[in-house]
A.B. asks: 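Take a look at the following structure, please.
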Amino acid sequence: MIPIYSRVTISGERIELSTKRNILLKNWDKKRQRPKLKTNELKQLNYHLEQIRNKFYVEHQKLVQKENPFSAMDLKMAYLNIKAKTKGI
């Protein structure tokens, strides 16, 4: 079993995030970068990965709407719902 990671690159900056899911290499479609949809279990895994992809998309759109520059790490923090720490006095 190999772990599945989400990878996002913005302006050359790349972040990875564990999906906390594993798959047998023979069940992974390298060309499509998705599980082969041979069983219900693999279809459920694919659904879970699509949910991750969709949440990244939603968080990306929120950052774009703010019209401020942002990095891949900013997107990861938004995805994880972690607020950026501000510097105090």
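As a basis for the values below, the full set of heavy atoms in this structure was taken, side chains included, without hydrogen atoms, waters or symmetry mates.
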A.B. asks: Tell me the closest heavy-atom pair linking K38 and K26, and the distance in Å.
C.D. replies: NZ-O, 4.2 Å
A.B. asks: List the atom of T19, the atom of H48, and the distance in Å for their closest heavy-atom pair.
C.D. replies: O-NE2, 3.7 Å
A.B. asks: Is the side chain of N46 donor-acceptor paired with the backbone N or O of L42 at a distance under 3.5 Å, no angle test?
C.D. replies: no
A.B. asks: Measuring from atom CD of Q65 to atom CD of E67, what distance do you get when rounded to the nearest 0.5 angstrom?
C.D. replies: 9.0 Å
A.B. asks: A side-chain contact here means heavy atoms from C-beta on lying under 4.5 Å apart; do L24 and M1 qualify?
C.D. replies: yes
A.B. asks: What heavy-atom pair brings D74 and P69 nearest, and what distance separates the two atoms?
C.D. replies: OD2-O, 4.5 Å
A.B. asks: For side chain to side chain contact (heavy atoms under 4.5 Å, CB included), just list the numbers for Q61 and Y57, CA-CA rounded to whole Å, side-chain angles, deciding distance to a tenth of an Å, and then say yes or no.
C.D. replies: CA-CA 6 Å; Q61 290 304 309; Y57 177 78; 3.6 Å; yes
A.B. asks: Hey, does the side chain of E16 reach the backbone of Y5 with a donor-acceptor pair shorter than 3.5 angstrom?
C.D. replies: no
A.B. asks: Measure across L37 and K43 and return the closest heavy-atom pair with its distance rounded to 0.1 Å.
C.D. replies: O-CE, 3.7 Å
A.B. asks: Give, for atom CD of E13 and atom CZ of F70, the distance between the pair rounded to the nearest 0.5 Å.
C.D. replies: 11.0 Å
A.B. asks: How long is the straight-line distance from CD1 of I2 back to CH2 of W28, given to the nearest 0.5 Å?
C.D. replies: 7.5 Å
A.B. asks: Hey, could you give me the CZ/CZ distance between R14 and R7, rounded to the nearest 0.5 Å?
C.D. replies: 4.5 Å
A.B. asks: Is T9 reaching over with its side chain to a backbone N or O of G12, donor-acceptor style, under 3.5 angstrom?
C.D. replies: no
A.B. asks: Search all heavy atoms of I52 against all heavy atoms of S6 and return the closest pair with its distance.
C.D. replies: CG2-OG, 3.3 Å
A.B. asks: How far apart are the C-alpha atoms of I10 and I15, what are their side-chain angles, what is the distance that settles it, and do they pass the side chain to side chain contact (heavy atoms under 4.5 Å, CB included) test?
C.D. replies: CA-CA 9 Å; I10 298 176; I15 56 101; over 6 Å; no
A.B. asks: Taking side chain as C-beta onward, heavy atoms only, is P35 less than 4.5 Å from N27?
C.D. replies: no
A.B. asks: Are the side chains of K76 and L17 in touch, meaning some heavy atoms are under 4.5 Å apart?
C.D. replies: yes
A.B. asks: Considering all heavy atoms of both residues, which atom of L63 and which atom of A78 are nearest to each other, and what is their separation?
C.D. replies: CD1-CB, 4.4 Å
A.B. asks: Students often mix this up, so state it plainly: with edges at 30° and 60°, are the rings of Y79 and F56 parallel, tilted or perpendicular?
C.D. replies: parallel
A.B. asks: Any side-chain to backbone donor/acceptor pair from Q33 onto K30? Under 3.5 Å, distance only.
C.D. replies: yes
A.B. asks: Side chain to side chain contact (heavy atoms under 4.5 Å, CB included) with E59: which of L75, N81, V64?
C.D. replies: L75
A.B. asks: Tell me whether Y47 shares a hydrophobic cluster with I23, the cluster being built from Ile, Leu, Val, Met, Phe, Trp, Tyr side chains joined at under 4.5 Å.
C.D. replies: no
A.B. asks: Report yes if the side chains of L49 and R53 come closer than 4.5 Å at any heavy-atom pair, otherwise no.
C.D. replies: no
A.B. asks: If you round to the nearest 0.5 Å, how far is NZ of K36 from CG of D29?
C.D. replies: 6.5 Å
A.B. asks: How many angstroms lie between atom CG of L45 and atom CD of E50, to the nearest 0.5 angstrom?
C.D. replies: 10.5 Å
A.B. asks: Count the heavy atoms belonging to other residues, nucleotides or ligands that lie under 6.0 Å from CD of E41, then report whether that count exceeds 12.
C.D. replies: no
